[in-house]
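Quick note on labels: first sequence line is chain A, next is B, and so on, each numbered from 1. Side chains included, hydrogens not; waters and symmetry mates left out as well; all remaining heavy atoms used.
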Amino acid sequence: MAVATFRIWRGNSEGGEFRDYTTEVFPGMVVLDAVHRIQAEQANDLAVRWNCKAGKCGSCSAEINGNPRLMCMTRLNSLPLDRPVALQPMRAFPPIKDLVTDVSWNYRVKKTIRKFEPRPPDDGNGTWLMAQADVDRVQEFRRCIECYLCQDVCHVLREHSLHDYFVGPRFLVHTAALEMHPLDIGSRTGDLKNQHGISYCNITKCCTKVCPEGIAITDNAIIPLKERVVDEYFDPVRKLFRILRT
Amino acid sequence: MPEYQTHDYDVLVIGAGGAGLRAAIEASANGVRVGVITKSLLGKAHTVMAEGGIAAALSNTDERDDWKVHFADTMRGGQYVNNWRMAELHAKEAPERVRELEAWGALFDRTKDGRILQRNFGGHRYPRLAHVGDRTGLEMIRTLQDHGIHLGMEVHMEATVLKLLKDDQGRIAGAFGYERERGRFLLFHAKAVVLATGGIGRAYKVTSNSWEYTGDGHSLAYDAGASLMDMEFVQFHPTGMIWPPSVCGILVTEGVRGEGGVLKNIEGRRFMFDDIPENYRSQTADNEEEGWRYTQGDRDARRPPELLTRDHVARCIMREIREGRGSPHGGVYLDIAWIKNRIPKGAEHIKRKLPSMYHQFKQLADIDITEEPMEVGPTTHYMMGGVRVDADTQMSDVPGLFAAGECAAGLHGANRLGGNSLSDLLVFGKRAGEHAARFANKNGSATRLRLDSEQIKSLAHTALAAFEREGESPYDVQFDLQDLMQKLVGIVRREEEMRGALDGIEQLKKRAEAVAVAGNREYNGGWHTALDLPHLLSVSEMITRAAIERKESRGAHFREDYPQKNDSEWRCNIVVRRSESGQMTVRRQPIPEMPCELKQIISEMK
Ligand SMILES: Cc1cc2nc3c(=O)[nH]c(=O)nc-3n(C[C@H](O)[C@H](O)[C@H](O)COP(=O)(O)OP(=O)(O)OC[C@H]3O[C@@H](n4cnc5c(N)ncnc54)[C@H](O)[C@@H]3O)c2cc1C
Ligand code: SF4
Ligand code: SF4
Ligand code: FES
C-alpha cells in the first residue's frame, strides 16, 4: 500500500498552521483526489474549492510545494512523495479557511472594465462576418478559466498589495480580449493607463509561466496593450498618422 | 435567535449556469430587481464544462437544415414523450438565442465565408452545433456572465438555498439559505423564483458531474409541492474516462466521434455496426467508408453508427463489456488517432479540433490521443427529468415558481440529444426570466412573506442539527447512496433490484438524519455534504419510483424485465408529486394531442 503525506495549511483569516495528513495513494491520482480522501476520512471540515476536476472551471487553485497550480491537474507522480507535499492557499488573496481564499476582489475589478461594444451588424438579420484567423487571436484570451493563478504570482499584487491600483494580469488579458475582438469598437486605453495601472507591470512574465491554459499573457496581451497606450498617449506623430490613415 | 441577513428582490434566480444567467439577464432587461444565488463562484457552474456545442438550426453549414428538422430530430431522440410545444419553441428560437450571444461578445468558430461554423453531433441530421473548439460551455457562460454583471443584478456567490418559502395563498414568496463561506443564514423575499439548479449526477458513483449536482432544485420544488416529470430518464453518456481510477467518469466529448473517432472492442471490431435500431436505419451509414465521408462533411453520406443517440451507444458499449469483449480496464476503445491515415497533418488536426481532450488525456492519463486509442465507458451525465413546467412560460404548478435548464423537464423526453442542453438553457432561460418578471410585476404587491421568528428559528435549527450530535460522517452516507444507485438503478434496470433500492434509500434516510459534523460553520465541507443529503435522497427516490412505474424500455430507461418499447401503454409521462399527507405519489400523465402541422413535420422527416 503506497502512502503519502500532505502538509496542509489549516486556518482562517485570523491565522493558522500546517498539519500533516497521511493517506493512501493510487496510480493516476491528482492532488485534489488526495485532498478529497483526507476530507472524507480524516478532516471532514477541510475547506477546498473545486468543480470540474478536469482543468476547466479554475476553482481549485492553490500553492503546491510553493508553486501556484490547479490541484485537479497536478498528478502525484509529478511530485516527490518521499517528503510531505505542502499545500497552501493562494497568498495574494485574503484567506477564508484552509485552502479557500477570498477572491471577490477579482469580481469587483471586472465590473470596472468597459463592456463589449460591437460595431453594427454586417447583415440585415443581425449577424456578423469574421475570418477564423481574426477569431483565433482572441480565442487564446477567451480560453481563460479565471483561476487567478496569474494574479497570485504577480509581484505587484502578491508582494506590494497594489490591488487598488492595478487590475492584474487576468484583467489585462480580459481587456486584450475586448480590445482585439474583431467586432469591438470601444476603447479602453485611457482606463488602462489611468485606472487600471498597466504601467505597474514590468514584464517579469511570472504570470505567463503559471497560466494553466498556456495563454501567452505577457507577449500576446500585455505588451500589445502597452503599445496601444504608448501610441495613444505618448507618441503624437503616430497618433496623428493613425487618425489620417483611418 | 439565529442571525440572518434579509434581501428583497422581485425575481430571485437560483443558479448561475447558462439557464440562471440567461433568466437573470432577461428579468433585469424587463426592469425588475434581480438577485442571483449560486453555490459556487460566478462562472464555475456546470455549464462551463460543456464541450461540444450549442444546437441551433442556423443552416450556415448545411442550408437544408431548418427548425422543422431540428424539431423532428429532438422528438425522435426523445422517443416522442417530449413536450412537443417545448421542442417546437426550442427549435424555432435557438438560432436567435445563439446570434444574440455573438452580439454580446461570444466568438464561435467560423465557416470559410465568415459565419458561425456548425459541427455534427449524435442524432442531429445536419451539422448543427455552433461551437468553440471543445470549450463551448466556457464561451457561453463567460459571455453571459460578462454581459450580466453590467445589468445591475446582485449575485450571491457561494450561497445555498435550503428551502423555498410560500405565502399563505400557496404562492412562492422567497427562499431560505446560507452563505457557504461564513455559514451565516440568508432570508430572501421574492415575488417570483426561477429554479436553474442543474442536475442530479452525484446520486451515482460514476458521473461526469461535479459536487454541485445534488438535485437541489428538483428536491426544493418537490418540497414546495410542485410536480416533477420524467424522473426515470437519466442519461448515461457513452464515453466517460475509465482509467486511471481517479478520473473515472470524466467526460470524453461526443465531438471526438463527430470528428471521425470510432468505437472498437478488444478484437478491433467496430461493434456499432452490429446493432442499428430500426427507426434510424435509413439515416445511418452501412459501411465504414460512408461513415467517414459523413464526418468530413460529405452531404450525400449518412452518419456512422457511432453517432446514434447516446442511450443506444451506451447500451452497445455495455453489451461489449458484459460479453467479455471490453478493453483491459473494463471499457471499450475510442480511436481518433486512426484519422491520421486519412488526413494530412492528422495529429495537428486532432489537436486543433479537440484541444481540451488532447490536454485532458495527456495530463491525466498519460495518453496521447493522436497516437493511441482512449479507453472509455458509460458515465452518468444528464437528467432529462425535472420540474414540470408550462412550455411557454416555464412556470411550474406552484404559482410564481419557474424552472429552466437541466432542472426542468419536457424538452428532451426520454433522451436528450447532445448540444440540445446549451440551447435549452438559452431559449427557456430567457422565457423563464421574462415570465418571472411579468409575474412579479402583476402579482407582486399581493405577495409578502410573513414568516415569524419561530419558523426561521426552526429552519436554522434543522440546518445546524448535525453540529449538535455524535454520529457517522455524511460522506459515508453519500458514498453508500452512490453505490446503491449505480448498482440498482443504473443503465440496466430490473424490478426487484429497484425495490431493493427503495428499501436501501429508506435506511439511508435514517442514517442521513443522524450524521454528525465537526468544526464550525465556516466553509465546512462536511456540513455542506450533510445538507445536500436530503436532496440526493429525495431525487434518488423519485428516480427509482418512476423507473419502477415505467414497465417498458424507452430512451435512456432500459428495463431488462421489459426490454421492448410499448407505445400503446407507455407513450405518456410519469409525474411525481408529494401528496397532502407527505407521501410520494407517482401517476401517469397522458401527452396532449400534437397539432397537425407538427405531426406532419414528423411524418415527413421519418
Ligand atoms: C462534461 C460535460 C459536458 C457537456 N457538454 C455539453 C455540450 O457540449 N452541449 C450541451 O448542450 N450540453 C452539454 N452538457 C450538459 C450541459 O452542460 C448542462 O446540462 C447544462 O450546463 C446545465 O445548465 P444549467 O444552467 O441548467 O445548470 P448549471 O450550469 O449546472 O448551473 C446550476 C447552478 O445552480 C446552482 N445551484 C444548484 N443548487 C443550488 C442551491 N441549492 N442553492 C443555490 N444555487 C444552487 C449552482 O451553483 C449553479 O450555479 C455537458 C455536461 C457535462 C457535465
Ligand atoms: S508580467 Fe506583469 S502582470 Fe505578469 S507577473 Fe510580471 S508584473 Fe505581473
Ligand atoms: S490568464 Fe491563465 S492564469 Fe490567469 S486567470 Fe486566466 S487561466 Fe488563470
Ligand atoms: S476543479 Fe475545475 S479546474 Fe480544478
>> Given 3.5 Å as the limit, does a donor-acceptor pair link the side chain of Arg115(B) with the main chain of Leu129(A), or not?
In response: no

> Taking atom CG of Asp45(A) and atom OG1 of Thr529(B), what is their separation to the nearest 0.5 Å?
Replying inline: 11.0 Å

> Is the CZ atom of Arg19(A) crowded by more than 12 outside heavy atoms at less than 6.0 Å?
Replying inline: yes

>> I'd like to know if the side chain of Lys56(A) and the backbone of Met49(B) have a donor-acceptor N/O pair within less than 3.5 Å.
In response: no

>> Given heavy-atom pairs under 4.5 angstrom as the criterion, report whether the side chain, backbone, both or neither of Met241(B) touches chain A.
In response: neither

>> Keeping Arg75(A) on the side-chain end and Gln363(B) on the backbone end, is there a donor-acceptor pair under 3.5 Å?
In response: yes

> Arg142(B) side chain to Cys144(A) main-chain N or O, any donor-acceptor pair under 3.5 Å?
Replying inline: yes

> Is it true that the side chains of Asn51(A) and Trp211(B) contain a donor and an acceptor less than 3.5 Å apart?
Replying inline: yes

> Contact part of Leu42(B) toward chain A, heavy-atom cut-off under 4.5 Å: side chain, backbone, both or neither?
Replying inline: both

>> Can you tell me which portion of Arg180(B) sits under 4.5 Å from chain A's heavy atoms? Options are side chain, backbone, both or neither.
In response: neither

> Between the main-chain N or O of Gln132(A) and the side-chain N or O of Lys112(B), is there a donor-acceptor pair closer than 3.5 Å?
Replying inline: no

>> To the nearest 0.5 Å, what is the distance between CD1 on Ile149(B) and OH on Tyr107(A)?
In response: 10.0 Å

> Under a 4.5 Å heavy-atom cut-off, does chain A meet the side chain of Ile250(B), its backbone, both or neither?
Replying inline: side chain

> For Gln145(B), is it the side chain, the backbone, both or neither that has a heavy atom under 4.5 Å from a heavy atom of chain A?
Replying inline: side chain

> So which part of Val48(A) gets closer than 4.5 Å to some heavy atom of chain B, the side chain, the backbone, both or neither?
Replying inline: backbone

> For Arg142(A), is it the side chain, the backbone, both or neither that has a heavy atom under 4.5 Å from a heavy atom of chain B?
Replying inline: both

> Among Met73(A), Lys110(A), Arg49(A), which has the most heavy-atom pairs under 4.5 Å with chain B?
Replying inline: Arg49(A)

> What part of Asp102(A) gets closer than 4.5 Å to chain B, counting heavy atoms only: side chain, backbone, both or neither?
Replying inline: side chain

>> Taking side chain as everything from C-beta outward and backbone as N, CA, C, O, which of these in Glu51(B) sits under 4.5 Å from a heavy atom of chain A? Side chain, backbone, both or neither.
In response: side chain

>> Treating Lys97(A) as the side-chain partner and Glu181(B) as the backbone partner, does any N or O pair qualify as donor plus acceptor under 3.5 Å?
In response: no

> Side chain, backbone, both or neither: which part of Glu96(B) has a heavy atom under 4.5 Å from chain A?
Replying inline: neither

> Taking only residues two or more places apart in sequence or in another chain, which ones pass ring-ring contact (aromatic ring centres under 6.0 Å, His included) with His528(B)?
Replying inline: Tyr178(B), Tyr523(B)

> Between His36(A) and chain B, which part of the residue has a heavy atom less than 4.5 Å away: side chain, backbone, both or neither?
Replying inline: neither

> Is chain B contacted by the side chain of Pro27(A), its backbone, both, or neither, given a heavy-atom distance below 4.5 Å?
Replying inline: backbone

>> Heavy-atom cut-off 4.5 Å, strictly under: side chain, backbone, both or neither for Asn209(B) against chain A?
In response: neither

> NZ/Lys53(A) to CG/Leu364(B) distance, rounded to the nearest 0.5 angstrom?
Replying inline: 7.5 Å

> Checking heavy atoms, do the side chain of Ala40(A), its backbone, both or neither come under 4.5 Å from chain B?
Replying inline: both

> Are the side chain of Ser210(B) and the backbone of Cys52(A) linked by a donor-acceptor contact shorter than 3.5 Å?
Replying inline: no

> When only heavy atoms count and the cut-off is under 4.5 Å, which of residues 102-110 of chain B reach chain A?
Replying inline: Glu102(B), Ala103(B), Trp104(B), Gly105(B), Ala106(B), Leu107(B), Phe108(B), Asp109(B), Arg110(B)

> Going from CZ on Arg182(B) to CG on Asn12(A), what distance comes out if it is rounded to the nearest 0.5 angstrom?
Replying inline: 9.0 Å

>> Quick one, Ile145(A) with Leu138(B), criterion side-chain contact (heavy atoms from CB on, under 4.5 Å). Give me CA distance, side-chain angles, the key distance, then yes/no.
In response: CA-CA 8 Å; Ile145(A) 56 175; Leu138(B) 171 64; 4.3 Å; yes

> Listed by chain and number, what are the salt bridge (charged side-chain N to carboxylate O under 4.0 Å, His left out) partners of Glu63(B), not counting sequence neighbours?
Replying inline: Arg299(B)

> Just how far is it from atom CG of Asp146(B) to atom CD1 of Ile113(A), taken to the nearest 0.5 Å?
Replying inline: 9.0 Å

> Which of residues 351-361 of chain B get closer than 4.5 angstrom to chain A, counting heavy atoms alone?
Replying inline: Ser356(B), Met357(B), His359(B), Gln360(B)

> chain A heavy atoms under 4.5 Å from Ser473(B): which part of the residue, side chain, backbone, both or neither?
Replying inline: both

>> What part of Asp136(A) gets within 4.5 angstrom of chain B, counting heavy atoms only: side chain, backbone, both, or neither?
In response: neither

> Measuring from Ile141(B):CD1 to Glu146(A):CD, what's the distance to the nearest 0.5 Å?
Replying inline: 10.0 Å

